[in-house]
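The analysis underlying the following values was restricted to heavy atoms, covering all of them including side chains, and did not include hydrogens, waters or symmetry mates. Quick caveat: nothing in here was measured; it's all calculated off a predicted structure.
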Amino acid sequence: MDNEMVPFWEKTYQDDSTVTFSMQPNATVVEFGHLLDRQANILEAGCGEGQNAVYLARQGFQNVDAFDISENGIAKLRRICGASDVSLNAFVADLTTYRFDKAYDLVMCFGTLHFVGRDDWRGFITRAKENTRIGGIHIMQIFTDTVPASDDIAPFAVGLAKDGEIRELYSDWEILQFKSYVFEDEHPGVPKHLHASNKIAARRVR
């Protein structure tokens, strides 16, 4: 792969002095975490540096799995866990081929689904729903095509969603929260830019 086709986060994942995205958990994870028992099975897909998985493990959740396709990201997450005495199961996997081996009470994914094709991320959500216990929760966030993909991710954002598309996939679940919004973002070495996003929290009711 040409250097210019390597996403910026692969470099920053190798630098422990740099925070690629955020070390704070997503606000929706904080908001709905109280609905889960500390023995809940939790999965984060596309975890990157793992701020959400680490947060939940620090809150006392004992069964946290987190995966990313990036070996550098998982290596950094493991270093973070080792340095802060956090216990979770971090591993390398591809969400397009990931096969569930247990049922989960929470499946979450932030800023990752749009980096695979639409059929792939829709397929992942379908499999995740099938492997979620009744009463379990999904928190999913995906970029939409309401605004064009920013230059830093445009070569990789092959699966931008239509606004509201992800909500339609949860029409048979209880929608706890749905947000459609545009926000300003920046990363190390990347100028400020805009993303359009949908974020949903939904609960399986049957």
Side-chain angles (χ1 to χ4, degrees), residues 7-116 120-121 124-125 127-142 176-177 187-188 199-204:
F8 68 87
W9 52 85
E10 288 294 348
K11 180 178 179 179
T12 53
Y13 284 163
Q14 298 178 67
D15 183 355
D16 289 350
S17 67
T18 299
V19 176
T20 305
F21 298 106
S22 172
M23 292 312 295
Q24 299 301 314
N26 188 278
T28 309
V29 176
V30 178
E31 182 175 358
F32 290 104
H34 72 281
L35 298 177
L36 300 169
D37 183 272
R38 290 299 186 272
Q39 300 300 319
N41 287 339
I42 295 171
L43 175 68
E44 180 169 21
C47 62
E49 294 166 307
Q51 65 266 32
N52 299 299
V54 168
Y55 165 78
L56 291 172
R58 285 175 173 162
Q59 296 301 305
F61 291 96
Q62 300 176 24
N63 303 304
V64 180
D65 295 334
F67 75 79
D68 199 283
I69 197 171
S70 170
E71 295 182 2
N72 291 326
I74 293 300
K76 188 171 187 178
L77 172 53
R78 289 173 176 167
R79 293 194 299 272
I80 291 170
C81 290
S84 55
D85 197 28
V86 170
S87 179
L88 57 83
N89 176 34
F91 56 98
V92 176
D94 183 340
L95 70 81
T96 67
T97 57
Y98 182 74
R99 293 294 179 266
F100 289 79
D101 60 5
K102 67 174 103 171
Y104 284 95
D105 302 283
L106 171 63
V107 181
M108 54 184 174
C109 185
F110 298 94
T112 298
L113 295 173
H114 45 267
F115 291 128
V116 301
D120 287 322
W121 64 255
F124 173 77
I125 287 177
R127 296 193 304 276
K129 289 175 66 179
E130 293 169 349
N131 289 278
T132 300
R133 292 171 174 158
I134 294 175
I137 296 170
H138 283 193
I139 305 175
M140 301 285 178
Q141 184 251 341
I142 188 169
L176 302 175
Q177 182 184 94
H187 314 293
K199 182 164 61 173
I200 191 168
R203 178 162 48 196
R204 182 175 182 180

Partners passing salt bridge (Lys or Arg N to Asp or Glu O under 4.0 Å) against [X] (at least two apart in sequence or in another chain):
{"X": "K199", "answer": "none"}
{"X": "R79", "answer": "D16"}
{"X": "R203", "answer": "E174"}

Over 12 non-hydrogen atoms of neighbours within 6.0 angstrom of CD in E10: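 Yes, the 6.0 Å shell around CD holds more than 12 heavy atoms from other groups.
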
Side chain to side chain contact (heavy atoms under 4.5 Å, CB included) partners for H138, two or more places apart: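 H138 satisfies side chain to side chain contact (heavy atoms under 4.5 Å, CB included) with V107, A128, K129, T132, M140, Y170, W173 once adjacent residues are dropped.
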
For A45, side chain to side chain contact (heavy atoms under 4.5 Å, CB included) partners two or more places apart: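 Side chain to side chain contact (heavy atoms under 4.5 Å, CB included) check on A45 returns F67, C109, F124.
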
Contacts of type side chain to side chain donor-acceptor pair (under 3.5 Å), residue T97, not counting sequence neighbours: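 Per chain and number, T97 pairs via side chain to side chain donor-acceptor pair (under 3.5 Å) with no residue.
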
Side chain to side chain donor-acceptor pair (under 3.5 Å) involving R127 - partner list, sequence neighbours excluded: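 Checked R127 against side chain to side chain donor-acceptor pair (under 3.5 Å); zero matches.
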
Can you tell me how far [atom2] of [Y] sits from [atom1] of [X], rounded to the nearest 0.5 angstrom?
{"X": "D68", "Y": "T112", "atom1": "CG", "atom2": "OG1", "result": "6.5 Å"}
{"X": "I142", "Y": "L113", "atom1": "CD1", "atom2": "CG", "result": "4.5 Å"}
{"X": "I42", "Y": "I137", "atom1": "CD1", "atom2": "CD1", "result": "10.0 Å"}
{"X": "L36", "Y": "Q59", "atom1": "CG", "atom2": "CD", "result": "11.5 Å"}
{"X": "L43", "Y": "N131", "atom1": "CG", "atom2": "CG", "result": "10.0 Å"}

Side chain to side chain contact (heavy atoms under 4.5 Å, CB included) between K76 and Q14, intermediate numbers included: CA-CA 7 Å; K76 188 171 187 178; Q14 298 178 67; over 6 Å; no

Salt bridge (Lys or Arg N to Asp or Glu O under 4.0 Å): pairs with one or both residues in residues 88-111, sequence neighbours excluded: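 The answer is D65-K102, D105-R133.
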
Salt bridge (Lys or Arg N to Asp or Glu O under 4.0 Å) contacts touching residues 24-39 (sequence neighbours left out):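 Found none.
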
Pairs touching residues 24-45 that satisfy ring pair (Phe, Tyr, Trp, His ring centres under 6.0 Å), sequence neighbours left out: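 For residues 24-45, and leaving out neighbouring residues, there are no ring pair (Phe, Tyr, Trp, His ring centres under 6.0 Å) pairs at all.
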
Any donor-acceptor N/O pair, N41 side chain to N63 backbone, under 3.5 Å: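 No, N41 side chain to N63 backbone: no donor-acceptor pair under 3.5 Å.
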
How close do [X] and [Y] get, counting heavy atoms only, and between which atoms?
{"X": "I74", "Y": "F91", "answer": "CD1-O, 3.4 Å"}
{"X": "A90", "Y": "L77", "answer": "CB-CD2, 3.7 Å"}
{"X": "E49", "Y": "T18", "answer": "OE2-O, 3.6 Å"}

Heavy-atom check, side chain of F61 versus side chain of L88, under 4.5 Å: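 They are not in contact (no side-chain heavy atoms under 4.5 Å apart), so the answer is no.
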
Residues in ring pair (Phe, Tyr, Trp, His ring centres under 6.0 Å) contact with F115, at least two apart in sequence or another chain: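 Ring pair (Phe, Tyr, Trp, His ring centres under 6.0 Å) list for F115, sorted by chain: W9.
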
Distance-only donor-acceptor hits, side chain of residues 50-57, under 3.5 Å, sequence neighbours excluded:
unit_1	atom_1	unit_2	atom_2	d
Q51	NE2	S22	O	3.3
N52	OD1	N26	N	2.7
N52	ND2	E44	OE2	3.1

Evaluation steps, side chain to side chain contact (heavy atoms under 4.5 Å, CB included), between Q177 and I139: CA-CA 9 Å; Q177 182 184 94; I139 305 175; over 6 Å; no

